[in-house]
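Letters A, B, ... mirror the listed sequences (proteins, then strands); counts begin at 1.
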There are 4 protein chains.
Amino acid sequence: MSDTETLSPEKRAQILTGANTVFSEDGYEGSSMARIAQVAGVSKGTLYNYFAGKAELFAAHIEGQCALTLGQVFAEDGANADDPAGFLRTIGTRMLEMMVSDKGLTTYRIVTSEAPKFPELSQGFYNAGPARAITALAGWLARQHQSGRLSVPDPIFAAEQFFSLCQARLCLRRVLHVDRTSSPEEIAHVVDAAVAMFLAGCAPNAPQGDAR
Amino acid sequence: MSDTETLSPEKRAQILTGANTVFSEDGYEGSSMARIAQVAGVSKGTLYNYFAGKAELFAAHIEGQCALTLGQVFAEDGANADDPAGFLRTIGTRMLEMMVSDKGLTTYRIVTSEAPKFPELSQGFYNAGPARAITALAGWLARQHQSGRLSVPDPIFAAEQFFSLCQARLCLRRVLHVDRTSSPEEIAHVVDAAVAMFLAGCAPNAPQGDAR
Amino acid sequence: MSDTETLSPEKRAQILTGANTVFSEDGYEGSSMARIAQVAGVSKGTLYNYFAGKAELFAAHIEGQCALTLGQVFAEDGANADDPAGFLRTIGTRMLEMMVSDKGLTTYRIVTSEAPKFPELSQGFYNAGPARAITALAGWLARQHQSGRLSVPDPIFAAEQFFSLCQARLCLRRVLHVDRTSSPEEIAHVVDAAVAMFLAGCAPNAPQGDAR
Amino acid sequence: MSDTETLSPEKRAQILTGANTVFSEDGYEGSSMARIAQVAGVSKGTLYNYFAGKAELFAAHIEGQCALTLGQVFAEDGANADDPAGFLRTIGTRMLEMMVSDKGLTTYRIVTSEAPKFPELSQGFYNAGPARAITALAGWLARQHQSGRLSVPDPIFAAEQFFSLCQARLCLRRVLHVDRTSSPEEIAHVVDAAVAMFLAGCAPNAPQGDAR
DNA sequence: GATGAATGAGGGTTCATTCAT
DNA sequence: AATGAATGAACCCTCATTCAT
């Protein structure tokens, strides 16, 4: 008999909802199975019917967070792909807003701190989130390169540089609780400066790559 | 009472050595005082003769790590301050090497994950490390701006952008255990690209600031 | 949730039995939860399923002792209320026997020593035991006063005097382990002398109250 | 070499002063040797040069308390031994005041609670305090009996009855923290009533002994 | 003789996990 | 399939005692 025959997906979701709440508030070590069960509205025993243990429940929680918060960052929706500056600004703003949000920070902190203990988890996080965003942006950059609008010989790395520029100042300060919040103005300023420096570095006739 | 109230400094160092090992391996919550005592080669009781509790021991450990790993990054030593590309390459390489080192990563992971619980600690980490590096680089950038070699209207923010560029690709992958190590070649490539893009953005007659 | 939220009443009783043993032997501070669990035949964790902590377990233990040993002292049963000497002898004997019993002494010792730390507990003990006995005896004395058989202008205080007389010699010696046991003859002698002195002091035409 | 050759009585007294403070505040189990050493102004090691351990130090402390507080209760000083009511009132007031004092209560509570563990201690307390007072009062009663002023066939037991009467109401309520303090008026009232009932019971032609 | 750093057993309490119901 | 009482190892911390200085 398979798992899907005897266990209800609704209850599984119910458990994960409780786990999201508790893990986000208290981290991995700080969370107790008893509290998760209570918040989820199930018994402690039921937790173990759906997940082999705390670590597995935590892994499922993180995967859910990735799917929710990171997947939608790079939805190629209304951004005008033909206006480089505007397009980059849209993408960078979405990414930065996610990274300085409480939810994003919490997930990042937990995945980071548990990376030595749950490496496959943090790798999954990387693939589901940053890697997807990089790949998507790199595709757009490659097309800009082909069309001659920008000079991007290594689109993957250029995408990584752009996202790094978007993290200037704010991300580290938020991660380390130096700042308690980031204003939309701060975010806009950082993204604008990132776009400016990035475009300066990718101007069609600008010097590329190594600076030596 | 004399200044040497610290009991025996050697034993204190011995305890901190053990604490370094254990905290680095297991994080704050995951570490037990019993194991720290065992690894340090002292009794559990002795731990409490030197530190008021687990939190204090942890704080002392982190402060020690800051002093060790972060303080020396921006030593203004032999870097040729008159060769912008070379100077930036030196600074960036030092910073990046520190950030992808096992020691640096471990400290970063712990400080990050415990920031909500020990905010004064993570703020101290920020001030002792990143803030000092940013201030120092900003000073150099301001002098370049005055001399006309570079165009840097906001040196502080520019320094933050440069260090962000240096983190492209490698840092996140190391933090998340996607990569197990970073080769000198990779480091050099990232730093060179960071210097190139930064100098392109700071060229004396380049467009500055917002891109809109 | 039903009224039977007390988990299993049998197990609760089992724990309290163990707690009685251990607290009686070692007092509050001297008792360890580990030993109580061992003596009760449950695991340490189970203790905390039934009681929030050591203090709560101790309070429950004392309350149980009060209910057991003090409640039944002044049962208004077969004592002939119309024979003053006989009635007082019956009441006094019951009270004294309880006070010099091992169980009574143990409870008294613990409640006494922990009164500064658990004042509500010792006050509850006073109300459940001595106060009830005093009130009951005072009621009887008031009726004797009205009928003219005795002269008891302050029945409450007179009751307190009677019970104090019953404690002469034996109680303190038992409390302080000077005597290891009290014989029925000793008890009878003390009670008889108490009744004699009390009745002499309450004779209808005897001088009352202050002696000055 | 004997103890008295190498150890200074002053330091011993200094230690006992600290022990008095700490034991009185925290009881036996609640007191730590570290705090006693600190309060006494000596090192922990010195404690063990003067006393074999915590139990011995505690015993010495209690003995000192007995000598101080109980010894002087029955000082046969200015009380007029020829005025029975006045004499008894003086003795009873001294005794009751001592028993409801904070110091007296504290010592009583500790000795009581530790009696099963330190029986020789509580017996010493009984002999040094209550027994001496009883003996002294009994001697006076015997002389009154011989002179015909009172009828006291069993002076020892009569003395015990008198002191018991003096404890009516107040002592138990103070011991159990039902009352936080006792006013001089309350004390006078209790003692006066005790003297009145006692004298009524010892009137030269009153019925003596058993009431059956 | 005095010190106080070091010890390690034991304190109360929490919690992931199991299993009879 | 769901429960939650029971478990016991492990947690952080305290403290009486020892012993090298």
- For B:S8, does its backbone N or O pair with a side-chain atom of B:Y50 as donor and acceptor, under 3.5 Å? yes

- Query: Donor-acceptor pair, B:K103 side chain versus B:Q65 backbone, under 3.5 Å?
  - Reply: no

Measure from [atom1] on [X] to [atom2] on [N] and round the result to the nearest Å.
X     : N      : atom1 : atom2 : answer
A:Y48 : F:dT7  : OH    : P     : 17 Å
C:M33 : E:dT13 : CE    : C1'   : 8 Å
D:K54 : F:dT18 : NZ    : C1'   : 17 Å
D:L47 : F:dA16 : CG    : P     : 10 Å
C:Y28 : E:dG11 : OH    : C1'   : 12 Å
A:N49 : F:dG4  : CG    : P     : 13 Å
D:I15 : E:dG1  : CD1   : P     : 14 Å
B:Q38 : F:dC12 : CD    : C1'   : 16 Å

- Hunt down the Watson-Crick or G-U wobble partner of F:dA1, both distances under 3.5 Å, from any strand shown, or write none. none

- Item | Complement of E:dG11, any strand, by Watson-Crick or G-U distances under 3.5 angstrom | F:dC12

- Query: Taking the side chain of D:V42 as heavy atoms from C-beta outward, which of F:dC11, E:dT3, F:dA16 is closest to it?
  - Reply: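 Ranking F:dC11, E:dT3, F:dA16 by closest atom to the D:V42 side chain puts E:dT3 first.
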
- Nearest-neighbour nucleotide for the B:K44 side chain, E:dG11, F:dC12, E:dT13 considered: F:dC12

- Item | Which residue lies more 5' along DNA chain E, comparing B:G45 with A:A34 via nearest heavy atoms | B:G45

- Task: Tell me what A:T46 touches on the nucleic acid: a base, only sugar-phosphate, or nothing, going by heavy atoms under 4.0 Å.
- Result: base

- Message: Heavy atoms only, 4.0 Å cut-off, all strands: where does B:F51 land among base, sugar-phosphate and nothing?
- Response: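 The residue B:F51 makes no contact with any strand.
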
Establish, with yes or no, whether the OP1 or OP2 oxygen of [N] is under 4.0 angstrom from a side-chain nitrogen or oxygen of [X].
X     : N     : result
B:S43 : E:dG8 : no
A:Y50 : F:dA2 : yes
C:K11 : F:dA6 : yes

Out of curiosity, [X] [atom1] to [Y] [atom2], how far, rounded to the nearest 0.5 Å?
X     : Y      : atom1 : atom2 : answer
B:S24 : B:L105 : OG    : CG    : 11.0 Å
D:D26 : C:K117 : CG    : NZ    : 9.0 Å
A:Y48 : A:S43  : OH    : OG    : 11.0 Å

